[in-house]
There are 2 protein chains.
Amino acid sequence: MPDPALKTVSGTYPSMAEVSIKEVARMAGVSIATVSRCVNNPEKVTEKTRLRVQKAILETGYSPNTLAQSFRRGRTNLVMVVLPSIGDPFFTDVMRGIRTAAKAKGYSVVIEETQFNTMTADEIGAMLVSKQTDGIILLASMSPFGTEILSAKSRRRLPIVIGCETISPELSEFPSVHIDNVAAAKEATNYLISQGHRRIAMICGQASSLLTKDREYGYRAAMNQSRLAIEEGWVVEGELSLDGAIRATRKLLNHQHRPTAIFCANDEMAIACLHAVKSAGLRIPDDISVIGFDDIRYAEVADPPLTTIGQPAEEIGERVMYRLCREIEDGLDGETAPEIVPHKLIVRQSVARPAG
Amino acid sequence: MPDPALKTVSGTYPSMAEVSIKEVARMAGVSIATVSRCVNNPEKVTEKTRLRVQKAILETGYSPNTLAQSFRRGRTNLVMVVLPSIGDPFFTDVMRGIRTAAKAKGYSVVIEETQFNTMTADEIGAMLVSKQTDGIILLASMSPFGTEILSAKSRRRLPIVIGCETISPELSEFPSVHIDNVAAAKEATNYLISQGHRRIAMICGQASSLLTKDREYGYRAAMNQSRLAIEEGWVVEGELSLDGAIRATRKLLNHQHRPTAIFCANDEMAIACLHAVKSAGLRIPDDISVIGFDDIRYAEVADPPLTTIGQPAEEIGERVMYRLCREIEDGLDGETAPEIVPHKLIVRQSVARPAG
DNA sequence: TTTATCGTTGTAAACGTTTACAATTCTACC
DNA sequence: GGTAGAATTGTAAACGTTTACAACGATAAA
């Protein structure tokens with residue numbers, strides 16, 4: 001919605017933020033303080049003067065210089081989100097939620113991609129001070145995450161909220177919102193087991209990724225509970241990319257005890273996995289069952305449509321952002337219990353009972 | 001790369017941008033002007049004082065307050081990119097290029113999604129003045145784009161560069177970088193024709209989208225040149241989304257003269273199209289051939305792998321951003337000849353000779 | 001009428017930086 | 001040694017806003 005104050009009576013954009021508060025004050029015959037109050041605290045000003053000032057604002061096409069505002073208020077209204085890859089549709093959806101909430105609260109968002117490199121404390125620190133953002137959302141995987149910068153000391157300095165990934169102990173002092181990754185991975189694995197699978201493999205991300213660590217943990221727990229063996233070479237790192245997953249899948253297919261089902265740590269890898277399996281001349285789900293994680297929108301149009309764990313990506317994004325706003329605006333309130341959002345098993349057609 | 005100046009000798013982050021230039025000046029026994037010069041124009045200062053100041057900077061952990069800098073210099077080092085949907089992997093790749101270039105030049109990027117709504121001039125205008133960005137990259141479709149805001153007048157005010165889409169006449173005064181969409185679409189269509197197809201349909205985006213307008217134009221031109229008829233109902237709008245493309249495909253499959261080949265205006269729609277065709281019990285490419293556009297990374301793992309037109313998405317992003325930097329830094333140089341980057345037909349397996 | 005109170009407005013300082021200009025020091029040449 | 005000129009540094013203003021505080025005027029209570 002365009003601010004009507006941006007338009008002159010003639011409907012053109014006259015001077016593009018070049019007119020300052022002084023000009024308005026002069027035209028309205030008041031002091032600049034009064035103009036400022038009219039804009040920010042209208043209730044502190046007489047009806048009469050307010051109207052005069054508003055008229056002047058309209059006529060000059062004044063809009064406050066946000067640079068000056070940021071400077072004066074010490075706030076940029078800018079938040080930074082750090083994530084592994086903007087290319088993953090899952091994160092794209094999370095970003096949509098973040099942006100929705102940010103817009104509602106008057107923030108802009110800048111994105112910083114780690115490209116799966118783990119970030120060092122120094123890098124984060126440099127980003128903090130140089131970007132001068134009001135807060136940070138971490139969606140990134142950074143297990144060997146320098147703790148100095150994230151110590152209580154720096155925490156008091158800059159609002160940080162963690163999204164999507166479960167929290168390693170040293171990060172647990174930060175607020176977070178995510179699903180229960182362990183439980184979800186167990187559910188996925190148990191679903192395969194319930195379909196009769198016994199030889200179940202997993203493709204996960206780099207060792208450094210906290211996110212898939214938890215999913216791997218859930219997988220192992222489920223296998224254990226059902227007293228199923230995990231053979232050497234059944235858990236393979238897929239680098240969280242299409243190519244990585246293809247390579248990982250080939251390894252599994254060549255394994256001397258070929259699994260009948262594969263649990264992929266995310267849907268992108270699962271889709272690549274489908275491709276690799278079919279390229280090898282095997283059928284899905286007849287020969288091999290595949291289950292993914294995230295329910296990105298391509299999962300539905302995959303061939304066959306992908307059975308997976310759904311996360312409320314957009315909701316996660318919104319909640320993370322609102323949580324961050326609380327940190328920024330109400331100060332750091334110390335209440336850091338993670339918000340757990342629900343996941344959901346979505347059954348499509350990439351899983352079936354094993355042959356034989 | 002972390003700025004070493006951010007660290008104290010003890011290796012901690014001492015005061016997080018709380019120490020101002022005054023502190024440094026005091027400690028080094030110079031004026032704040034000299035400190036400023038040390039940081040910005042080191043050559044204007046004696047070796048001796050420079051060392052003294054650098055030592056003080058190190059010891060205090062000083063880093064310039066970017067808010068104050070932005071305010072003073074009247075520059076935010078922030079650019080905005082407007083695009084239809086961050087969810088489309090193609091735009092994601094373009095964004096990656098943009099971000100690479102932006103980082104190299106010291107800019108941050110904020111993204112504004114139009115969600116396929118066409119933007120009004122008012123909305124853009126509001127964004128311009130409120131976001132206070134140094135420049136704008138338009139990747140968005142906005143055919144009925146208010147021309148007032150983009151008139152030469154406003155152009156002199158704010159650097160704007162257009163990426164990816166061919167330019168409608170009223171926007172042609174802006175610099176741009178993109179492939180030759182018309183030629184590329186012709187090439188795609190001609191490839192289908194060369195394979196023996198005669199009944200070729202097209203799924204494009206909304207009528208409002210300039211981007212697919214050009215591709216539609218290329219398709220029509222190719223069909224004309226080969227004297228092939230385009231039957232009523234063979235060109236259908238797909239809303240540039242998975243669902244939209246599925247609906248569009250169904251329409252084509254139910255057409256009384258069912259086409260033997262479908263040209264989709266982008267890969268996302270093509271992938272959904274593949275799915276819809278297969279769901280209807282038809283085989284690809286045996287019964288229906290499909291060709292896409294963009295070569296997103298899912299194209300390769302689609303089933304069957306998608307034949308498509310490749311665009312150098314990342315390169316486009318980089319070039320757009322560098323072009324914008326020139327606009328911002330060297331002033332608006334008036335040279336607005338579009339940069340045309342090469343496209344490439346990528347043959348995979350979703351196209352074959354028609355049966356019969 | 002005087003005084004206290006409250007509501008409204010104006011004055012002026014402050015935020016941290018950059019930079020034109022003035023002042024000072026240095027260099028080199030006479 | 002003196003001087004012109006260059007090189008370096010310091011002084012102070014400026015950017016546009018917000019806000020503490022002072023000043024003022026009006027209203028109400030005495």
Phosphate oxygens OP1/OP2 of D/dA7: is one of them under 4.0 Å from a side-chain N or O of B/Thr46?
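For B/Thr46, the contact criterion (side-chain N or O under 4.0 Å from OP1 or OP2 of D/dA7) is not met.
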Just checking, any donor-acceptor pair under 3.5 angstrom between side chains of B/Tyr107 and B/Arg75?
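Yes, because at least one side-chain N or O of B/Tyr107 sits under 3.5 Å from a partner of the opposite role on B/Arg75.
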Ionic contact status for B/Lys105 with B/Glu329, cut-off 4.0 Å
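So B/Glu329 pairs with B/Lys105 through a salt bridge.
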Is a salt bridge present between A/Lys103 and B/Glu112, judged by a nitrogen-to-oxygen distance below 4.0 Å?
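Looking at B/Glu112 together with A/Lys103, the answer is yes, because their closest N to O distance falls below 4.0 Å.
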Nucleotide [N], atom [atom2] - distance to [atom1] of [X] in whole Å:
X: B/Lys48; N: D/dT9; atom1: NZ; atom2: C1'; value: 12 Å
X: A/Arg50; N: C/dG7; atom1: CZ; atom2: P; value: 15 Å
X: A/Glu43; N: C/dT9; atom1: CD; atom2: P; value: 12 Å
X: B/Leu67; N: D/dC15; atom1: CG; atom2: P; value: 19 Å

Have a look at B/Ser70 and say if it touches a base, only the backbone sugar-phosphate, or nothing, with a 4.0 Å heavy-atom cut-off.
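It contacts nothing in the nucleic acid.
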Of B/Thr100, B/Ile137, B/Ile86, the residue whose pairing with B/Met95 passes side-chain contact (heavy atoms from CB on, under 4.5 Å):
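Exactly one candidate clears the test, B/Ile86.
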So does B/Thr66 get a backbone contact from the side chain of B/Ser70, meaning a donor-acceptor N/O pair under 3.5 Å?
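Yes, B/Ser70 side chain to B/Thr66 backbone: donor-acceptor pair under 3.5 Å.
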Are any side-chain N or O atoms of A/Asn65 and backbone N or O atoms of A/Ala68, one a donor and one an acceptor, separated by less than 3.5 Å?
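Answer holds: yes.
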Starting at the 5' end of nucleotides 16-26 of chain D, put B wherever the base has a protein heavy atom under 4.0 Å, S where only the sugar-phosphate does, and a dash everywhere else.
BBBB-------
